[in-house]
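These notes are about the structure you will find just below.
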There are 2 protein chains.
Amino acid sequence: MFFSKSFGYALRGILYIALLQDEQRKIQIDEIAQKLSVPRHFLGKIMQGVVKAGLLQSTKGPYGGFSMNETTLTTPLIKLVEITDGLDQFNICVLQLRNCNAVNPCPLHQEMEGIKTKLLLMFNQTTIVDLLNDNKKVFIKSLATQ
Amino acid sequence: MFFSKSFGYALRGILYIALLQDEQRKIQIDEIAQKLSVPRHFLGKIMQGVVKAGLLQSTKGPYGGFSMNETTLTTPLIKLVEITDGLDQFNICVLQLRNCNAVNPCPLHQEMEGIKTKLLLMFNQTTIVDLLNDNKKVFIKSLATQ
DNA sequence: TGATTAAAAGACATCCGCATCTTTTATGGC
DNA sequence: GCCATAAAAGATGCGGATGTCTTTTAATCA
């Protein structure tokens, strides 16, 4: 619902890396994919995009892998949606009308706008670190629950 | 956003038929597709599903076409979502976790549940006839706006 | 420098939403 | 019964999301 698999996988990948940060090591895509029960190569592509967008850091070679950077924890979720799914979707009318807007609204415009605003507000205000307040061990386990 | 093109096309098709009901005639798929600027054959498939689900009536042959039945106007929008998109989507976790629920929630479960509930409530309470309260001519025009 | 390691990148494969076109079936008028 | 009409149904194609596999690039260490 709402977002793609890419978004869900990316968020879980970032959360997994963030949770292991204290171990001061790079996390490899093989480990992430295995722990989250997510397709390895597909996740690789997705994380590649996340790195390219500057939300994470990665290095190749021995002892390489993915790690956080200074922006990771304070990134709002909407930024991740932008990377994985794009933001165009928020401007599509449920009736698939091109010219649907406040001036020329479809019969569901007002109601959908209210829900969309609530969703956007939450995704703008919530950051990665906001999602890390639970018991870490339980949380790691829940991330892998498939 | 939220729903498929099929849903949007189906809803506009039903609304178009409902708006012309007073003319006491069957509306043909060619006319609907043309007026709504929607692919004719694709819309045909979609309306076929709507008829099969009992939300509309249709007859073949000369003077045939689509028309409302006794249930059309009082159908809640969620029923149309069920026909075109299915209701499974409402049970998919944004993090793509299979076992995400109130007992074992992902870190976004609570927030997403709130938004989902609001959307479901609106789609359960709103019926086709609820969408027909505007000026009809303006509304027909807006339906075709592409 | 050479070997090893791990991400980056590219080539495919699959499935589904979306769309088009053709054939079949049912209905009404003659 | 025959013809015309319009929906139903089937075949096919396209593109994007998802997923797999192979090759290339970069980093570390000996």
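What's counted below: heavy atoms across the whole structure, side chains too, no hydrogens, waters or symmetry copies. Chain letters run A, B, ... following the sequence lines, proteins first and then strands; every chain starts at 1.
- Between B:Ile27 atom CD1 and D:dT5 atom C1' there is a gap of 16 Å when expressed in whole angstrom units.
- Across all strands, B:Lys26 comes closer than 4.0 Å to no nucleic acid atom at all (heavy-atom distances).
- Nearest to the side chain of A:Gln28, among D:dA8, C:dG28, C:dA6, sits C:dA6.
- In this structure B:Thr75 satisfies the side chain to side chain donor-acceptor pair (under 3.5 Å) test with no other residue, sequence neighbours excluded.
- Rounded to whole Å, atom C1' of D:dA17 lies 19 Å from atom CZ of A:Phe2.
- Atom CD1 in B:Ile46 sits about 15 Å away from atom P in D:dA9, given to the nearest Å.
- Regarding A:Leu43, its CG atom lies at a distance of 11 Å from the P atom of D:dT20, rounded to whole Å.
- The A:Pro62 side chain lies nearest to C:dT4 when the options are C:dT4, D:dG10, D:dG19.
- Side-chain nitrogen and oxygen atoms of B:Ser58 include at least one within less than 4.0 Å of the OP1 or OP2 phosphate oxygen of D:dA8.
- Side chain of A:Arg12 to main chain of B:Leu95: a donor-acceptor pair is present (N/O by atom type, distance under 3.5 Å, no hydrogens or angles).
- Atom-to-atom, CG of A:Asp85 to P of D:dG16 comes out at 15 Å; the value is rounded to the nearest Å.
- Look at OH on A:Tyr63: it is 17 Å from C1' on D:dA26, rounded to the nearest Å.
- Taking a cutoff of 4.0 Å between a charged side-chain nitrogen and a carboxylate oxygen, B:Arg25 and B:Glu31 qualify as a salt bridge.
- Look at CD on A:Gln48: it is 12 Å from C1' on D:dT24, rounded to the nearest Å.
- Across C:dG28, D:dT20, C:dT20, the shortest atom-to-atom separation from the side chain of B:His41 is found for C:dT20.
- The backbone N or O of A:Asn91 lies less than 3.5 Å from no partner atom in the side chain of A:Asp88, so there is not a single donor-acceptor pair.
- With respect to A:Leu56, the side chain to side chain contact (heavy atoms under 4.5 Å, CB included) criterion is satisfied by exactly one of A:Ile27, A:Ile17, A:Thr71: A:Ile17.
- Between A:Ser4 and A:Gly61, the one whose closest nucleotide on DNA chain D sits nearer the 5' end is A:Ser4.
- Residue A:Lys60 has its side chain nearest to C:dA7 when only C:dA7, D:dA9, D:dT20 are considered.
- Proximity of A:Thr59 to the phosphate of D:dA26: no side-chain N or O atom is located under 4.0 Å from OP1 or OP2.
- The side chain of A:Lys5 approaches D:dG19 more closely than any other nucleotide in the set D:dA7, C:dA19, D:dG19.
- A donor N or O paired with an acceptor N or O is not found under 3.5 Å between the base of C:dG17 and the side-chain atoms of B:Lys45.
- Of the candidate nucleotides D:dA8, D:dA11, D:dT20, D:dT20 has the atom lying nearest to any side-chain atom of A:Phe42.
- When the nucleotides C:dA7, D:dT20, D:dA8 are ranked by their closest atom to the side chain of A:Pro39, D:dT20 comes out on top.
- A ring-centre distance under 6.0 Å is found for A:Phe3 and A:Phe123.
- Of the candidate nucleotides C:dA8, C:dA19, D:dA8, D:dA8 has the atom lying nearest to any side-chain atom of B:Phe66.
- A:Phe3 places its CZ atom 13 Å from the P atom of D:dT18, with the value rounded to the nearest Å.
- When distances run from any side-chain atom of B:Tyr9 to the nucleotides C:dA19, C:dA11, C:dA8, the shortest one goes to C:dA19.
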